[in-house]
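Model, not experiment: these values are computed from the prediction.
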Amino acid sequence: MNEAIRQMLSKYDLITRDDYIRALREILQEIALLGLWRSKFFEKAAFYGGTALRILYGLDRFSEDLDFSLISTQKNFDLEAYNRALKQELLAFGFEVWIDPVKKSTETAIQSTFLKADTRRQLLNIAVKNDIVGQIPNGQRLKIKLEIDTDPPSGFNTESRFLLLPIPFSVRTYSLPDLFAGKIHALLFRQWKTRIKGRDWYDFVWFAANHPQLHLAHLEERMRQTGHWPEKSPLTPENLHKILYEKIEILDVSKALREVEVYVKNRDSLEVWSREFFHSVADRIQCI
């Protein structure tokens with residue numbers, strides 16, 4: 001096994017099958033980011049979303065997808081142009097993957113592709129014991145979705161964050177106040193039919209506890225782009241608090257808990273969840 005991969009594995013508490021799968025997923029995510037960095041992807045795009053929070057800022061829950069945004073609108077951008085760089089980087093560290101672009105039935109600003117790998121084979125590549133690998137069904141695939149917004153709302157700031165493994169490299173990402181704005185927009189307006197994405201509510205609490213400053217103007221730009229703030233007047237902290245209050249009042253807390261608990265190792269942190277709790281968390285937001 002590559003020594004850098006051994007070091008990356010050493011930061012995990014690996015006991016169960018799921019522990020190993022989560023560690024493998026995150027290692028593949030970070031190597032994919034390295035491949036994108038080598039191919040100059042971050043000259044055009046920035047990393048955001050839950051996985052950015054976990055890898056770059058220490059969010060204490062697991063995340064599945066890699067979400068990106070172009071720095072400015074580019075209608076002819078092609079995410080598939082980076083497929084070769086991704087495959088080559090992962091293969092250089094011993095991971096065989098295939099890439100499956102998402103073919104859209106309707107034209108949107110979002111482009112997506114999947115990195116896919118045989119879970120058993122890749123666990124064997126990192127010297128996982130046979131008794132753990134034997135718990136994985138033959139043919140089970142590990143999937144990581146890469147998604148990029150080619151028509152991003154304006155008004156955000158970016159910064160570079162540095163990872164040291166598997167080699168030192170940099171990742172361009174949204175600043176934390178803009179990441180918080182994006183998370184609040186997702187929490188309020190993400191369309192999941194009857195599902196509730198408890199991960200958004202978990203991240204909401206994490207932001208309020210650790211990085212409570214929210215870039216209100218960027219949230220307004222996101223809301224205007226999606227038609228959720230058609231008013232001529234600017235979005236104010238009072239407006240935001242009212243919208244959040246109304247969202248919390250109709251939240252099915254039990255469904256949110258069930259959705260998020262598989263992504264959290266310390267489930268004791270979820271016991272306090274209630275509408276009253278989320279109202280208290282909302283009061284801690286600092287709009288800038």
Distance alone, cut at 3.5 Å: any donor-acceptor contact between the side chains of [X] and [Y]?
| X | Y | answer |
| --- | --- | --- |
| D283 | S280 | no |
| H279 | S274 | no |
| Y48 | T173 | no |
| D178 | S175 | yes |
| D60 | Y202 | yes |
| E147 | S112 | yes |

Between [X] and [Y], is NZ or CZ placed under 6.0 angstrom from the six-membered ring centre and within 45° of the ring axis?
| X | Y | answer |
| --- | --- | --- |
| R22 | Y12 | no |
| K242 | Y245 | no |
| R54 | F62 | yes |

- Message: For a salt bridge (charged side-chain N to carboxylate O under 4.0 Å, His left out) check, start with the C-alpha distance between R199 and E64, then their side-chain angles and the critical distance, and finish with the verdict.
- Response: CA-CA 11 Å; R199 283 167 280 177; E64 296 180 326; 3.8 Å; yes
- Message: Working note: Y174 + S69, criterion side-chain hydrogen bond (donor to acceptor under 3.5 Å, both in side chains); need CA distance, chi angles, decisive distance, verdict.
- Response: CA-CA 9 Å; Y174 277 39; S69 168; 3.0 Å; yes
- Note on the structure: Output for pair (E220 CD, H185 NE2), nearest 0.5 Å, gives 11.5 Å
- Task: For the pair W206 and H211, name the ring-plane relationship: parallel under 30°, tilted 30 to 60°, perpendicular over 60°.
- Result: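 Correct class here is tilted.
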- Message: In terms of relative ring orientation, are F180 and F207 parallel, tilted or perpendicular, with 30° and 60° separating the classes?
- Response: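 The arrangement is parallel - the two ring planes meet at less than 30°.
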- Test item: R172 side-chain N/O and W37 main-chain N/O as donor-acceptor pair under 3.5 Å: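 Side chain of R172 to backbone of W37, a donor-acceptor pair under 3.5 Å: no, none is there.
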- Query: Between Q111 (side chain) and L79 (backbone), is there a donor-acceptor pair under 3.5 Å?
  - Reply: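 Yes; at least one donor-acceptor contact below 3.5 Å.
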- Query: Any side-chain heavy atom of L66 sitting closer than 4.5 Å to one from K145?
  - Reply: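 Result no, sub-4.5 Å side-chain heavy-atom pair not found.
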- Tell me, do N130 and I132 make a side-chain contact under 4.5 Å, heavy atoms counted?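 No. Closest side-chain heavy atoms not under 4.5 Å.
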- Query: Any chance CZ of R284 has more than 12 other-residue heavy atoms, nucleotides or ligands included, within less than 6.0 Å?
  - Reply: no
- Message: Assess the residue pair R6 and E3 against the criterion (salt bridge (charged side-chain N to carboxylate O under 4.0 Å, His left out)); give the C-alpha distance rounded to whole Å, side-chain angles, the decisive distance to 0.1 Å, and a yes or no.
- Response: CA-CA 5 Å; R6 192 185 307 278; E3 180 57 31; 3.4 Å; yes
- Task: Start with the C-alpha gap between D151 and K75, add the side-chain angles, then the distance that decides, and say whether salt bridge (charged side-chain N to carboxylate O under 4.0 Å, His left out) holds.
- Result: CA-CA 7 Å; D151 184 22; K75 292 184 178 180; over 6 Å; no
- Message: Test side-chain hydrogen bond (donor to acceptor under 3.5 Å, both in side chains) on N239 and T236; report intermediate values, then the result.
- Response: CA-CA 5 Å; N239 298 143; T236 66; 2.8 Å; yes
